[in-house]
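Here is the structure we will look at.
Values below: every heavy atom of this structure, side chains too, minus hydrogens, waters and symmetry copies. Please read these numbers as outputs of a predicted model, since none were measured by experiment. Reminder, nothing fancy here: chain letters follow the sequence lines and each chain counts from 1.
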There are 2 protein chains.
Amino acid sequence: MKEALTKRQNQIFEFIKKYTIENHKPPTIREICKKFNFKSTNSAYSVLKALERKGYIQRTNLKARNININDFKLDKTQIDLKEIPLISTFDAQNPLRMFTNLNGTIKLDMKIFDTLPSFAVEVTDDGMQKDGIFKGDIAIITQSLEIKNGSIVFAVIKNEGLIRHYKNENNEIYLIPSSRGYETLKFKEGDKNLWIGGEVSFIIRKLKR
Amino acid sequence: MKEALTKRQNQIFEFIKKYTIENHKPPTIREICKKFNFKSTNSAYSVLKALERKGYIQRTNLKARNININDFKLDKTQIDLKEIPLISTFDAQNPLRMFTNLNGTIKLDMKIFDTLPSFAVEVTDDGMQKDGIFKGDIAIITQSLEIKNGSIVFAVIKNEGLIRHYKNENNEIYLIPSSRGYETLKFKEGDKNLWIGGEVSFIIRKLKR
DNA sequence: CAATATACTGAACATTTGTTTAAAAATCAA
DNA sequence: TTGATTTTTAAACAAATGTTCAGTATATTG
């Protein structure tokens, strides 16, 4: 169990968490000072040292904005929402166009959906049923640079969107379903007809009715 | 419509997004240089200027780690949101007690979660895997007066919570799993050891990692 | 072709940001 | 009360980080 925080330490810790969630980066020491009307940077600095000693944050000396919050994902006090587009039209050749013709947006509670999602899309077939992903589910997609083999991705092929397992081998991209009755698709890397939107980070399914 | 990015600009833009997602803060210019083996900070710097001019990022002069990705804007309005408790202890004899010892709350966007949910609970076993409900999923429960046979319900038996199919026949309540290896449970109607919390209206599953 | 944008290097410079030291006041527990 | 810890101020310094200028090379476009 971590050592308890003083009132001031907790105030500053909460501020750091809130700032980080809202701004996608931690505050500088001087920004903390401004928030709490500190006249000296050492006011905030010494509290940071205490927070680090007690195990709430980790820092690297001399690096700007280098407060790393421990157990960031277990945080239950913060309520923060991110609004992401729900896309409904698909265009592999021009992915940006998909974001101009939306089916509205969804607000997600970042306490639960904690991977900086990029957009949402409705699952259009049962090709991944074996993985518990069904037609009609809403898939939350997180864009990432490197996608590992085996990851479940959202792919756009021409004007169709699909959820499939991803495999890249010898510059060939395979989109592999998990259920029978669906074909594995094969593409050359760089094929303009294929756009990998990102990894599926969450599934939301409506059950009732 | 945003102006298209060059290959290099896109590489760097993707790197910034990935870094930000993984580190909860944007990279410094020198960190970008290191990633791409640039010898001069201006190599990255000039690309940042291009990304800003094309509307993909926003920056503030002279601030460390001040790349703001335009897609990542958080929304703080609370319209159409409902906050529900996430329960983690179970007590069939005294259900109200479960709501005093919470594991926090979740905010749901009522555009998606549109059935007046009552509370949320983590799925504790794989007894409903055939229905695509896995251990670790978050189940959103909606209380309702009439529960039809076949509905998927959240039931509390003594001090344990379960997701099962519901069946009421001849004043006997059956809790039926969908996967092999799990037993059907049978109760007399009115049994104090059983509390039906409501129907499962949504399932949220984290996939990545 | 010329003009323009992109992609980089190199070196200095400016500003922000983190760090240290010294000290005073406030708080809290023994 | 006494002593330890916390909180805060103040000032100077060190390091990181962003910015600018000058220049080369390559591709792209009209």
Side-chain angles (χ1 to χ4, degrees), chain A residues 1-17 19-20 22-70 96 145 190 192, chain B residues 1-17 19-20 22-70:
Chain A
M1 176 63 96
K2 279 182 204 148
E3 196 181 332
L5 295 180
T6 66
K7 191 179 168 190
R8 198 45 140 187
Q9 287 166 355
N10 192 57
Q11 283 174 349
I12 291 178
F13 185 52
E14 290 300 320
F15 171 72
I16 292 167
K17 285 194 288 189
Y19 185 104
T20 305
E22 287 177 0
N23 299 286
H24 292 111
K25 67 199 166 220
T28 64
I29 288 174
R30 279 166 180 83
E31 282 168 348
I32 298 171
C33 288
K34 193 175 177 189
K35 165 75 182 180
F36 291 94
N37 287 316
F38 291 150
K39 304 287 166 54
S40 166
T41 52
N42 194 37
S43 305
Y45 188 74
S46 54
V47 172
L48 290 188
K49 284 294 185 189
L51 288 176
E52 189 166 26
R53 179 171 47 76
K54 292 182 177 179
Y56 288 79
I57 61 172
Q58 278 182 296
R59 297 166 10 86
T60 315
N61 274 7
L62 292 168
K63 292 275 180 182
R65 296 186 194 276
N66 237 301
I67 303 165
N68 295 300
I69 299 155
N70 290 340
L96 284 174
L145 248 192
K192 293 286 186 196
Chain B
M1 174 64 86
K2 279 180 203 151
E3 196 179 332
L5 296 180
T6 67
K7 191 179 169 191
R8 197 45 142 186
Q9 287 166 355
N10 192 56
Q11 282 174 349
I12 291 178
F13 184 53
E14 290 298 321
F15 171 72
I16 292 167
K17 283 197 287 191
Y19 185 104
T20 306
E22 289 177 355
N23 299 285
H24 293 285
K25 66 195 169 225
T28 64
I29 288 174
R30 279 168 179 82
E31 282 167 347
I32 298 171
C33 288
K34 193 176 177 189
K35 166 75 182 178
F36 291 93
N37 287 315
F38 291 151
K39 303 288 166 53
S40 167
T41 52
N42 194 37
S43 304
Y45 188 75
S46 54
V47 172
L48 290 187
K49 284 294 186 189
L51 288 176
E52 188 167 27
R53 180 171 48 75
K54 292 183 178 180
Y56 289 80
I57 61 171
Q58 278 181 295
R59 298 167 8 87
T60 315
N61 274 6
L62 291 168
K63 295 274 179 183
R65 297 184 192 277
N66 239 303
I67 302 166
N68 295 302
I69 298 155
N70 283 342

Exercise for review: Can you measure from NZ (B/K35) to CD (B/Q11) and round to the nearest 0.5 angstrom?
Suggested key: 9.5 Å
Check your understanding: Starting at CG of B/N37 and ending at C1' of C/dA7, how long is that distance when rounded to a whole Å?
Key -> 15 Å
Review point. Would you say D/dA27 has OP1 or OP2 under 4.0 Å from some side-chain N or O of B/R8?
Key: no
Practice item. May I ask you to verify whether the side chain of A/S40 and the base of D/dA10 hold a donor-acceptor pair under 3.5 Å? Key: yes
Practice item. Mind checking A/K34 for me? I need base, sugar-phosphate or nothing, with any heavy atom below 4.0 Å counting as a touch. Key: nothing
Exercise for review: Taking only the side-chain nitrogens and oxygens of B/R53, find out if one of them lies under 4.0 Å from OP1 or OP2 of C/dT6.
Suggested key: yes
Check your understanding: D/dA16 phosphate, OP1 or OP2: any side-chain N/O from A/R65 under 4.0 angstrom?
Key -> no
Revision key, fill the gap. Taken to the nearest whole Å, CG/A/N66 to C1'/C/dT17 is 11 Å
Point to revise | Residue-phosphate contact under 4.0 Å: B/N42 side-chain N/O, D/dT19 OP1/OP2 | key: no
**Study point:** N or O in side chain of B/R30 less than 4.0 angstrom from D/dA16 OP1/OP2
**Key:** no
Point to revise | side-chain N/O A/Y45 vs C/dT19 OP1/OP2, d < 4.0 Å | key: yes
**Study point:** Phosphate contact (C/dT15 OP1 or OP2) by B/K63 side-chain N/O below 4.0 Å
**Key:** no
Point to revise | Sugar-phosphate only, base, or nothing, as touched by B/F38 at under 4.0 Å among non-hydrogen atoms | key: sugar-phosphate
Practice item. Would you indicate what B/T6 reaches in the nucleic acid, counting non-hydrogen atoms under 4.0 angstrom: base, sugar-phosphate, or nothing? Key: sugar-phosphate
Exercise for review: Using only side-chain N and O atoms of A/S43, determine if any of them is under 4.0 Å from OP1 or OP2 of D/dT9.
Suggested key: yes
**Study point:** B/K54 side-chain N/O to C/dT6 phosphate OP1/OP2 under 4.0 Å
**Key:** yes
Practice item. Supply the atom-to-atom distance B/I57 CD1 to B/I67 CD1, rounded to the nearest 0.5 angstrom. Key: 5.5 Å
